[in-house]
Asks: 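Attaching a single structure in structure tokens format; questions to follow.
Every chain is numbered from 1, with letters handed out A, B, ... down the list of sequences. FYI, side chains are in, hydrogens and waters are out, and symmetry mates aren't considered; it's all heavy atoms of this structure.
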Amino acid sequence: MNDKSQRIEPRTLKGFRDYLPETMIPRERLMATARSVYRSYGFSPIDTPALEYLEILTGKGSAETDKQLYKFEDHGGRAVALRFDLTVPLARFAAQHYNALGTPFKRYHIAPVWRGENTQAGRYREFIQCDFDTIGTRSLAADIETALVIHDLFLALGFSEFSIRINHRQILNGLLERLGLAQQATHVLRAIDKLAKIGPAAVAAEMAETAGATAAQSADVLRFAALAGSNEEVLQQVRPLVAGNATGETGLAELVRILQGAAAGGVPPQRLCVDLSIARGLDYYTGAIFETFLTALPTIGSVCSGGRYDNLASLYTSQQLPGIGASLGLDRLLAAMETLGMLDKVATPAPVFVAYFVESRLDDYLKLAAHLRRAGIGAEVFPDAKRLGQQLKYADRRGFRVALIAGEDELAAGQCQVKNLASGESETIALEADAASVVAAVKRQLAKTSGSE
RNA sequence: GUGGCUAUAGUUCAGUUGGUUAGAACGCCAGAUUGUGGAUCUGGAGGUCACGGGUUCGAGCCCCGUUAGCCACCCCA
């Protein structure tokens with residue numbers, strides 16, 4: 001077994017990753033933040049299996065998603081696949097439990113999904129999505145609420161500079177109808193979606209190639225996709241372009257209503273911008289569509305996207321299930337926060353370090369830590385009675401914020417040092433049977449240092 | 001899936017037209033300081049040069065394959 005040639009090389013599959021504490025701690029914090037924002041709006045948690053019958057996942061898929069599916073045969077000879085998003089499982093789930101759920105139904109789902117596509121920076125084969133959806137209602141109140149949730153979410157995550165880009169599929173469809181491009185809508189929208197990235201000339205070329213658009217049609221499409229200015233200004237310019245087209249006028253009216261509601265709900269207009277170049281590649285969107293960009297890092301792409309769909313579960317049930325939802329890309333957002341330096345290098349989730357000073361006093365340290373935990377403060381007792389300097393170095397490296405130090409001298413005097421590791425400040429506190437004063441001193445010190453957990 | 005670039009200590013990288021025992025910085029461990037961390041100094045551990053084959057008297061360096069990473073396309077979170 002010790003023979004090196006027989007040793008198995010430890011490694012992870014392409015596109016899959018291990019998570020060390022310093023990346024897992026912020027990851028969990030983000031998930032907890034998303035969870036609490038979703039719950040504050042009344043969204044309920046659900047979960048579904050990682051594996052589904054292949055036919056469930058391929059039913060609505062395009063050739064593209066089929067290629068990305070991890071599919072195989074299980075031990076019983078069933079054709080199965082790993083879910084590649086959380087929306088298709090929701091459709092199956094809603095169709096299957098329709099009667100038990102009732103409508104409207106609001107759920108959130110934070111879970112990993114798998115895509116067998118090529119990797120790239122911030123793009124992996126296994127990643128977490130944080131979805132929230134409202135199904136069973138066509139009310140624009142749900143659309144408005146989607147904007148509010150996204151807005152609250154990014155504020156709660158610590159961002160102030162971001163913009164939620166909003167558009168409406170029916171406006172796009174109305175415009176395309178007037179231009180005679182309605183049949184090729186999917187290709188045209190896919191091309192428009194790339195406008196910011198590849199520029200108008202390349203978009204025109206793509207539309208000519210994939211949608212057979214004439215030069216005049218391309219020019220018209222690009223003209224409306226490039227409309228800019230304040231929301232009022234953009235809407236003003238769109239109005240005549242959809243005038244007389246029922247689809248376009250409906251879309252425009254809905255968009256106006258959503259903007260008004262979002263403003264009433266507290267979203268400042270600079271954070272919710274009408275952007276007619278937002279198209280979303282997925283063809284099942286039928287109404288409002290959203291993408292969210294970080295002002296400091298627009299190149300990373302959308303970190304939270306979604307939109308309204310008319311009929312989520314038509315493949316699985318005859319029930320009409322309209323809805324709207326969005327998905328936070330946790331791993332992409334983490335990659336962004338990493339490059340923006342927004343993540344603390346903390347490798348411990350407990351803020352208090354208890355030094356193991358005198359070997360015979362272990363029980364005293366254990367009691368001290370227990371009192372802190374009872375007060376809701378995480379505490380770790382060092383496992384070895386090593387030199388104090390080494391223990392403090394360990395505490396410092398891991399990002400502990402307060403250290404408790406009690407040697408023979410302190411214990412004999414019925415005292416304990418409470419040391420703030422950020423400032424170096426240390427106070428000596430009386431150590432009562434219930435350690436109440438120490439707990440109070442720890443709370444005081446923790447309040448002085450910023451930090452989470 | 002297609003095309004391009006890359007792979008040397010835990011990390012970031014040196015390594016000269018192929019030529020003896022592969023280096024640095026940071027990190028890690030220990031000591032200077034048998035009760036006080038983030039500074040300094042000293043010492044130490046750690047690499048079959050991603051893996052497998054080939055060319056050569058000789059390969060970290062050249063060739064082929066595999067794996068992984070990065071970039072573009074595609075698509076998307």
Asks: When you compare B:rA9 with B:rG38, how far apart are their P atoms, in angstrom units rounded to a whole number?
Replies: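 Comparing P positions in B:rA9 and B:rG38 gives a spacing of 29 Å.
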Asks: Strictly under 3.5 Å: I want the nitrogen or oxygen pairs between protein and nucleotides 2-10 of chain B, one per line.
Replies:
unit_1	atom_1	unit_2	atom_2	d
B:rU2	O4	A:N118	ND2	2.8

Asks: Let me check something: any side-chain donor-acceptor pairs from residues 108-115 of chain A under 3.5 Å, sequence neighbours excluded? List them with distances.
Replies:
unit_1	atom_1	unit_2	atom_2	d
A:Y108	OH	A:R39	NH1	3.1
A:H109	NE2	A:D47	OD1	2.9
A:W114	NE1	A:E126	OE2	2.9
A:R115	NE	A:F84	O	2.9
A:R115	NH2	A:F84	O	3.1

Asks: Assign the ring pair A:H151 / A:F162 to parallel, tilted or perpendicular, where the plane angle (0 to 90°) is split at 30° and 60°.
Replies: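 Ring orientation of A:H151 relative to A:F162: tilted.
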Asks: Among residues at least two apart in sequence or on other chains, which ones pass side-chain hydrogen bond (donor to acceptor under 3.5 Å, both in side chains) with A:S327?
Replies: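 Counting only residues at least two positions away or on another chain, A:S327 forms a side-chain hydrogen bond (donor to acceptor under 3.5 Å, both in side chains) with A:D131.
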Asks: As a check on the pairing definition, encode RNA chain B in dot-bracket form, counting Watson-Crick and G-U wobble pairs whose two distances are under 3.5 Å, and using | for partners outside this strand.
Replies: (((((((..((((.....[...)))).(((((.......))))).....(((((..]....))))))))))))....
Asks: Could you list, one pair per line, each protein nitrogen or oxygen that sits under 3.5 Å from a nitrogen or oxygen of nucleotides 31-34 of chain B, together with the distance?
Replies:
unit_1	atom_1	unit_2	atom_2	d
B:rG31	OP2	A:R387	NH1	3.0
B:rG31	OP2	A:Q390	NE2	3.3

Asks: Quick one: side chains of residues 378-386 of chain A, donor-acceptor pairs under 3.5 Å with protein atoms, not counting sequence neighbours, listed by atom name and distance.
Replies:
unit_1	atom_1	unit_2	atom_2	d
A:E380	OE2	A:Y394	OH	2.7
A:K386	NZ	A:Q390	OE1	3.2

Asks: What residues in residues 126-134 of chain A put a non-hydrogen atom under 4.0 Å from any atom of RNA chain B?
Replies: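 Here the set is A:F127, A:Q129.
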Asks: Using the P atoms only, state how far B:rG52 lies from B:rC13, rounded to an integer number of Å.
Replies: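 Comparing P positions in B:rC13 and B:rG52 gives a spacing of 24 Å.
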Asks: A:Y53: what forms a side-chain hydrogen bond (donor to acceptor under 3.5 Å, both in side chains) with it, not counting sequence neighbours?
Replies: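 Testing A:Y53 for side-chain hydrogen bond (donor to acceptor under 3.5 Å, both in side chains), a comparison that skips the adjacent residues, returns none.
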Asks: Does the structure place the NZ or CZ of A:R27 under 6.0 Å from the centre of the six-membered ring of A:Y19, at an angle of no more than 45° from the ring's axis?
Replies: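 Flagged: A:R27 positioned over aromatic ring of A:Y19.
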Asks: Going by ring-ring contact (aromatic ring centres under 6.0 Å, His included), name the residues that satisfy it together with A:Y356, two or more places apart in sequence or in a different chain.
Replies: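 With sequence neighbours excluded, A:Y356 shows a ring-ring contact (aromatic ring centres under 6.0 Å, His included) to A:Y365, given in chain and number order.
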Asks: A:A326: what forms a side-chain contact (heavy atoms from CB on, under 4.5 Å) with it, not counting sequence neighbours?
Replies: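 Result, side-chain contact (heavy atoms from CB on, under 4.5 Å) vs A:A326: A:F132, A:T146, A:I150, A:C304.
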Asks: Considering residues at least two apart in sequence or located in another chain, which fulfil the side-chain contact (heavy atoms from CB on, under 4.5 Å) criterion with A:A95?
Replies: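 Scan of A:A95 (side-chain contact (heavy atoms from CB on, under 4.5 Å), adjacent residues dropped) gives A:A313, A:Y316, A:T317.
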Asks: List the residues meeting side-chain hydrogen bond (donor to acceptor under 3.5 Å, both in side chains) with A:E206, not counting sequence neighbours, and say none if there are none.
Replies: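 Result, side-chain hydrogen bond (donor to acceptor under 3.5 Å, both in side chains) vs A:E206: A:K194.
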